[in-house]
Amino acid sequence: MGKYAIIEIGSNNTKTHVYDNNALIYDKTTTIEFKKNYQLEGSVLKSDVELLFKEISKALEYTKDIHIYGCSIFRKLDEYELNSINDVLKEKFNVSIEVVSQEDEAKYTAKGCYDNIDYDGTLCVFIGGGGSVELMFVKNKEIIGSKFYDFGVVDITSKYDELKKDIPSVTYDEVMTYVNSLIGDIEYKADAIALCGGDHLYWFNNAEYKLDTNTIYRSEKQKFMLTTEKADIYDRDMMVSSLDAVRNRSDNPLWFDGSRAMRFIVNCITHKIDAKYIIPTNINMEDGIKSTLEK
């Protein structure tokens, strides 16, 4: 379908990808703290929308065919505020935001994860974000169960702001007890959990935690894995290791404000579903949308 762009606006990160006949030619993740600032101000900040303008302007350097999807915090906007933002976007760029329901976001992301793999075990597709968490349980390319949560990374860091600091004084067990209380019981089990909805590889690469080769199925976008036991070691280590050192190795230091919180959510869920293997990916909703657009 020639050149087109997909912009996915999350609570914390906005992802812009441009494709040319199915080939990715531009890839950018920008931290725009929509949810955090919405919680503080009670509305979407003009300055955050202006940061979104920059991402749209960059995409327009490649193509006028731009598809913008709003998740999480955009589901909470009243009709007037959403229409006001879209009116400006329409006037400036001739684009508008399509708000995606939590269920559709989960289905798109799960499809992007399981569509091109051959695996007969039960897989949990974890979709984590700043404001919500979705779990889709898949077996033989069929969704057999789901679980949705109306909290995310921002909610954890709002309670434990220390998680953003170089070395927090709050303990691993204290934070895990709180996260466990939010998640509660999960009736489904899975052999493996695939981490989607954000660039989970970005954490492991910059934190310099080594991953193993994915041996349970083959996928170009899911090449790596680690055991739950190894993840436990890494996750306890992150609480006594320098987060500033990780930031300094990256090209987006602000991204790591939510990195520890995300690991707590992942770790807790991994144990609750008895998963033996963890597959970090950068698969997100866009992967499912992309396959739909290209049909």
Side-chain angles (χ1 to χ4, degrees), residues 10-13 29 31 33 35-36 124 126-133 135 149 151-183 186 192-214 222-284:
S11 291
N12 226 31
N13 292 297
T29 297
T31 298
E33 298 179 299
K35 178 169 183 174
K36 173 186 170 184
C124 173
F126 168 97
I127 304 121
S132 65
V133 174
L135 306 177
Y149 296 96
F151 77 90
V153 163
V154 174
D155 302 274
I156 309 302
T157 55
S158 292
K159 182 171 178 64
Y160 296 107
D161 188 66
E162 286 183 47
L163 292 175
K164 303 176 185 178
K165 296 181 180 179
D166 185 34
I167 298 178
S169 58
V170 65
T171 67
Y172 178 94
D173 290 338
E174 181 181 344
V175 179
M176 185 57 81
T177 297
Y178 176 67
V179 173
N180 181 69
S181 72
L182 294 177
I183 293 170
I186 301 176
I193 181 168
L195 309 184
C196 304
D199 193 347
H200 296 269
L201 289 169
Y202 195 65
W203 162 251
F204 286 100
N205 290 338
N206 286 285
E208 297 185 338
Y209 290 135
K210 293 183 179 179
L211 299 171
D212 303 315
T213 300
N214 184 354
Q222 303 179 64
K223 289 183 176 180
F224 304 102
M225 65 183 285
L226 70 162
T227 64
T228 300
E229 290 79 8
K230 184 178 284 189
D232 287 342
I233 295 170
Y234 289 165
D235 290 342
R236 285 189 176 273
D237 178 76
M238 75 178 177
M239 294 292 283
V240 295
S241 299
S242 171
L243 187 62
D244 288 347
V246 179
R247 294 183 200 274
N248 291 337
R249 288 191 285 266
S250 77
D251 59 0
N252 185 8
L254 190 59
W255 186 91
F256 292 90
D257 277 3
S259 56
R260 285 181 174 131
M262 179 63 80
R263 287 303 313 155
F264 273 104
I265 296 170
V266 168
N267 190 295
C268 188
I269 289 172
T270 298
H271 281 282
K272 284 179 178 288
I273 65 173
D274 296 335
K276 300 179 182 67
Y277 304 104
I278 301 165
I279 301 158
T281 81
N282 57 8
I283 292 170
N284 52 60

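Please read these numbers as outputs of a predicted model, since none were measured by experiment.
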Would Tyr149 and Leu135 count as a side chain to side chain contact (heavy atoms under 4.5 Å, CB included) here? Give the steps.
CA-CA 9 Å; Tyr149 296 96; Leu135 306 177; 4.1 Å; yes
List the atom of Ala275, the atom of Thr228, and the distance in Å for their closest heavy-atom pair.
O-OG1, 2.6 Å
A side-chain contact here means heavy atoms from C-beta on lying under 4.5 Å apart; do Leu195 and Val266 qualify?
yes
Pairs touching residues 152-173 that satisfy ring-ring contact (aromatic ring centres under 6.0 Å, His included), sequence neighbours left out
Tyr160-Tyr178, Tyr172-Phe264
Around Lys164, counting heavy atoms of other residues, nucleotides and ligands shown, do more than 12 lie under 6.0 Å from its NZ?
yes
Answer whether the closest heavy-atom distance between the side chains of Ile265 and Phe126 falls below 4.5 Å.
yes
My understanding is that only residues two or more places apart in sequence, or in another chain, count here; which of them pass side-chain hydrogen bond (donor to acceptor under 3.5 Å, both in side chains) with Lys272?
Asn180
Does anything in residues 238-260 form a ring-ring contact (aromatic ring centres under 6.0 Å, His included)? List the pairs, not counting sequence neighbours.
Tyr202-Trp255, Tyr202-Phe256
Does the side chain of Leu201 reach to within under 4.5 Å of the side chain of Phe224, using non-hydrogen atoms?
yes
If I take atom CG from residue Leu182 and atom NZ from residue Lys159, how far apart are they, to the nearest 0.5 angstrom?
9.0 Å
Taking it one step at a time, do Met262 and Asn267 satisfy side chain to side chain contact (heavy atoms under 4.5 Å, CB included)?
CA-CA 9 Å; Met262 179 63 80; Asn267 190 295; over 6 Å; no
Give a yes or no on whether the backbone of Asn206 and the side-chain of Ser250 come within a donor-acceptor separation of less than 3.5 Å.
no
Residues in side-chain hydrogen bond (donor to acceptor under 3.5 Å, both in side chains) with Asn12, at least two apart?
none
Is there a salt bridge (charged side-chain N to carboxylate O under 4.0 Å, His left out) between Asp235 and Arg260? Walk through the geometry before answering.
CA-CA 8 Å; Asp235 290 342; Arg260 285 181 174 131; over 6 Å; no
Stepwise, does the side chain to side chain contact (heavy atoms under 4.5 Å, CB included) test hold for Phe204 with Arg263?
CA-CA 10 Å; Phe204 286 100; Arg263 287 303 313 155; 3.9 Å; yes
Minimum side-chain heavy-atom gap Thr227-Ile278 below 4.5 Å
no
Strictly by modelled atom types, are Asn13 and Thr31 linked by a side-chain donor-acceptor pair under 3.5 Å?
yes
What do you reckon, is NZ of Lys276 surrounded by more than 12 foreign heavy atoms closer than 6.0 Å?
no
Could you work out, with side-chain hydrogen bond (donor to acceptor under 3.5 Å, both in side chains) as the rule, every residue matching Asn284, not counting sequence neighbours?
none
Exercise answer: donor-acceptor pairs, residues 236-246 side-chain atoms, under 3.5 Å, sequence neighbours excluded:
residue : atom : partner : partner atom : Å
Arg236  : NH2  : Asp173  : OD1          : 3.2
Asp237  : OD1  : Ser241  : OG           : 3.3
Asp237  : OD2  : Tyr209  : OH           : 2.5
Asp237  : OD2  : Ser241  : OG           : 3.0
Ser241  : OG   : Asp237  : O            : 2.9
Ser242  : OG   : Asp166  : OD1          : 2.6
Ser242  : OG   : Asp244  : N            : 3.4
Ser242  : OG   : Ala245  : N            : 3.0

Side chain to side chain contact (heavy atoms under 4.5 Å, CB included) for Glu33 and Asp257? Distances and angles first, verdict last.
CA-CA 11 Å; Glu33 298 179 299; Asp257 277 3; 4.2 Å; yes
